[in-house]
**Student:** 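Below is a structure I'd like to ask you about.
This is a predicted model, so every value here is computed, not measured. Atoms within a ligand are numbered from 1 in the order they appear, just like the ligands themselves.
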Amino acid sequence: MAPLNDTELFRSILRKSTNIVAIAGAGLSAASGLSTSGIPTFRDAGGLWRSHDAMSLATPRAFFKDPSRVWQFYHYRRETALKAAPNPGHLALALLSVPEHLKIIAPEAKFTLVTQNVDGLSARASKQVSPLREPELFEMHGRLFDTICTVCNDRKANFNSPICSALAGTEDNLKNDSNIPLEDLPRCSKCAGLLRPGIVWFEEVPHHLEEIKKIVDDADLALIVGTSSTVYPAAGYAHEIAEHGGTVAVFNIQRSDNDDLAHFLFIGPCATTLPHVLL
Ligand SMILES: CC(C)NC(=O)[C@H](Cc1c[nH]c2ccccc12)NC(=O)[C@H](CCCC/N=C(/NCCC(=O)O)S[C@H]1O[C@H](COP(=O)(O)OP(=O)(O)OC[C@H]2O[C@@H](n3cnc4c(N)ncnc43)[C@H](O)[C@@H]2O)[C@@H](O)[C@H]1O)NC(=O)OCc1ccccc1
Ligand SMILES: [Zn+2]
């Protein structure tokens, strides 16, 4: 059956739901960048950064082969995210984490946000709408603003800009790589070992898989927001929820792989559709 975009009907199902989970992707942050094109999604610009395929840079092999290049890639994304701010889409989802608000639109429900984004904008949105509360948020692919030591495994939050002087200004050069010596790349304050970004790269196991599995198993309503649903295990959750009789609502600027199993499809920029449907 073709997915519906009947907001009233969706709201009646939302009101009766008990376990709501949102699965978010790069499209949620698309509207947050300063430049008109916002924060590029992986697909924007053909998924390229400089002349490199962004996904091929997001692997342990790429990092250990050329840490200078991969650090320039993540430095560029850190600086872009630092200049960005949560958009109304982030805020609409963050409000679902506020019990007083959730009680109004879904009296019996629990809400959890699972994001594939590493830009930290959903966490910032939650801080904005409820400063004192730890958001029900799982950043399953890691955080741009975490570092991990490749020697002693120390994980730290690091919002320094630039994260090290050798990377300063490289974010503006969208053409060529500069070859930064290993000793000038971000180093561990404990053992001076080489730091890597606190990101889950391809072939690496995502975070919080156990907790997320329980939430997906219990979910009776899934909001699939701004994702092409091409990367697993995240891309499989909507299927699992539809299979056990849950309702799936897709929010995307265009048709995407998950539409065939969607009960609701809200086409448009999710910074507009999410507040419109949820608030
Ligand atoms: C390419 C794909 C086929 N490969 C995988 O899925 C691989 C391999 C694999 C595992 N299982 C499989 C099963 C089948 C096939 C392959 C696999 N998965 C892995 O390697 C995972 C790890 C994957 C994580 C990799 N790291 C990321 N990110 C951090 C890095 C970084 O950010 O640099 S993935 C990264 O890419 C994905 C990009 O997708 P989207 O976010 O959806 O972005 P995209 O640009 O594609 O689409 C944007 C969408 O938004 C829409 N949009 C745009 N603007 C708007 C707008 N304004 N409003 C609304 N919508 C909008 C567009 O229309 C579009 O639909 C995200 O997940 C993102 O986090 N690890 C793993 O499997 O480990 C082993 C394991 C696992 C479990 C248990 C034991 C062992
Ligand atoms: Zn260390």
Side-chain angles (χ1 to χ4, degrees), residues 23-33 37-49 52-63 70-71 73-78 80-81 87-90 92 114-120 139-144 146-156 186-210 212-213 223-239 250-259 265-275:
I23 312 288
L28 175 61
S29 294
S32 284
S37 64
I39 291 193
T41 69
F42 278 75
R43 271 145 220 287
D44 285 343
L48 288 182
W49 170 76
H52 312 299
D53 161 21
M55 287 225 190
S56 71
L57 291 172
T59 65
R61 199 168 319 104
F63 180 75
V70 172
W71 258 120
F73 173 53
Y74 284 100
H75 169 69
Y76 161 76
R77 299 198 31 216
R78 287 168 57 98
T80 306
N87 65 55
H90 292 109
V114 175
T115 188
Q116 301 166 77
N117 299 342
V118 296
D119 55 30
E139 295 164 301
M140 70 181 294
H141 291 165
R143 298 185 180 124
L144 278 174
D146 278 2
T147 61
I148 305 168
C149 175
T150 58
V151 177
C152 73
N153 264 332
D154 179 47
R155 176 185 279 267
K156 265 199 182 59
R187 312 300 298 193
C188 174
S189 57
K190 282 197 176 151
C191 76
L194 174 65
L195 292 178
R196 59 164 279 180
I199 297 278
V200 176
W201 283 324
F202 287 93
E203 298 121 38
E204 294 186 323
V205 180
H207 300 319
H208 315 297
L209 287 183
E210 289 318 305
I212 295 171
K213 182 168 176 5
L223 315 178
I224 309 300
V225 179
T227 183
S228 58
S229 300
T230 51
V231 171
Y232 289 78
Y237 296 145
H239 289 272
V250 170
F251 295 77
N252 200 299
I253 208 160
Q254 61 190 354
R255 306 288 317 233
S256 60
D257 293 8
N258 257 334
D259 296 359
L265 176 59
F266 298 105
I267 294 282
C270 57
T272 309
T273 56
L274 285 171

**Student:** Any N or O on S256 sitting closer than 3.5 Å to an N or O of ligand 1?
**Tutor:** no
**Student:** Report, in ascending order of atom number, the atoms of ligand 1 lying under 4.0 Å from any heavy atom of G268.
**Tutor:** 58 (N), 59 (C)
**Student:** Pick, from V225, V70, V200, the option with the minimum heavy-atom distance to atom 26 (N) of ligand 1.
**Tutor:** V200
**Student:** Check each of F251, F266, W201, Y232 against atom 9 (C) of ligand 1 and report the one with the nearest heavy atom.
**Tutor:** Y232
**Student:** Enter the distance from Q116:CD to S29:OG here, rounded to the nearest 0.5 Å.
**Tutor:** 11.0 Å
**Student:** Testing the basics here: between A31 and A271, what is the closest heavy-atom pair and its distance to 0.1 Å?
**Tutor:** CB-CB, 3.9 Å
**Student:** Below 4.0 angstrom from a heavy atom of Q116, which ligand 1 atoms are there? Numbered from 1 as shown, please.
**Tutor:** 66 (C), 67 (O), 68 (C), 69 (O)
**Student:** Can you confirm whether more than 12 heavy atoms, excluding those of K156, are under 6.0 Å from its NZ atom?
**Tutor:** yes
**Student:** Once you round to the nearest 0.5 Å, how far does CD1 of I23 lie from OG1 of T227?
**Tutor:** 9.0 Å
**Student:** Test of understanding: with salt bridge (charged side-chain N to carboxylate O under 4.0 Å, His left out), list the residues that count as partners of R143, not counting sequence neighbours.
**Tutor:** E139, D146
**Student:** Going by the order shown, which atoms of ligand 1 are within less than 4.0 Å of some heavy atom of L209?
**Tutor:** 77 (C), 78 (C)
**Student:** Could you work out, for atom 39 (O) of ligand 1, the closest of S228, G25, P269 by heavy-atom distance?
**Tutor:** S228
**Student:** With heavy-atom distances below 4.0 Å as the criterion, list the atoms of ligand 1 near T227.
**Tutor:** 40 (P), 42 (O), 49 (C), 50 (O), 65 (O)
**Student:** My understanding is that we take every heavy atom of each candidate and find the minimum distance to atom 31 (C) of ligand 1. Doing that for R77, H141, M55, which one comes out nearest?
**Tutor:** R77
**Student:** Of the non-hydrogen atoms in L28 and A24, which two are nearest, and what is the gap between them?
**Tutor:** CD2-CB, 3.7 Å
**Student:** To the nearest 0.5 Å, what is the distance between OG (S189) and CG (D154)?
**Tutor:** 6.0 Å
**Student:** Check ligand 1 against Q254 and write out every atom of the ligand that is under 4.0 Å from a heavy-atom position of the residue.
**Tutor:** 62 (C), 63 (O)
**Student:** May I ask you to check if ligand 1 and P233 share an N or O to N or O distance below 3.5 Å?
**Tutor:** no
**Student:** Short list, please: which atoms of ligand 1 are under 4.0 Å from a heavy atom of G226?
**Tutor:** 48 (C), 49 (C), 50 (O), 60 (N)
**Student:** Do you know which two heavy atoms are closest between C188 and C152, and how far apart they sit?
**Tutor:** SG-SG, 3.8 Å
**Student:** Tell me whether the rings of F63 and W71 are parallel (<30°), tilted (30 to 60°) or perpendicular (>60°).
**Tutor:** perpendicular
**Student:** Is any N or O atom of A26, backbone or side chain, closer than 3.5 Å to an N or O atom of ligand 1?
**Tutor:** yes
**Student:** Do you know which two heavy atoms are closest between D259 and R255, and how far apart they sit?
**Tutor:** OD2-NE, 2.7 Å
**Student:** At a 4.0 Å threshold, what atoms of ligand 1 neighbour a non-hydrogen atom of E203?
**Tutor:** 19 (C), 20 (O), 73 (O)
**Student:** If we only count heavy atoms from C-beta on, is the T59 to E204 side-chain gap below 4.5 Å?
**Tutor:** no
**Student:** Within 45° of the six-membered ring axis of W49 and under 6.0 Å from that ring's centre, is NZ or CZ of R77 located there?
**Tutor:** no
**Student:** From L144 CG over to I199 CD1, what is the distance, rounded to the nearest 0.5 angstrom?
**Tutor:** 4.5 Å
**Student:** List every atom of ligand 1 that sits less than 4.0 Å from any heavy atom of Y74, numbering the atoms from 1 in the order shown and giving each element.
**Tutor:** 30 (C), 31 (C), 33 (O)
**Student:** Under the side-chain contact (heavy atoms from CB on, under 4.5 Å) criterion, do Y74 and V118 qualify, and how do the steps go?
**Tutor:** CA-CA 10 Å; Y74 284 100; V118 296; 5.6 Å; no
**Student:** So, is C270 polar-close to ligand 1, with some N/O to N/O distance under 3.5 Å?
**Tutor:** yes
**Student:** Is it the side chain, the backbone, both or neither of A30 that has a heavy atom closer than 4.0 Å to ligand 1?
**Tutor:** side chain
**Student:** Is it the side chain, the backbone, both or neither of I199 that has a heavy atom closer than 4.0 Å to ligand 1?
**Tutor:** side chain
**Student:** Distance from L265 atom CG to N252 atom CG, nearest 0.5 Å?
**Tutor:** 8.0 Å
**Student:** Keeping to distances under 2.8 Å, can you name the protein N/O/S atoms close to the Zn ion (ligand 2)?
**Tutor:** C149 SG, C152 SG, C188 SG, C191 SG
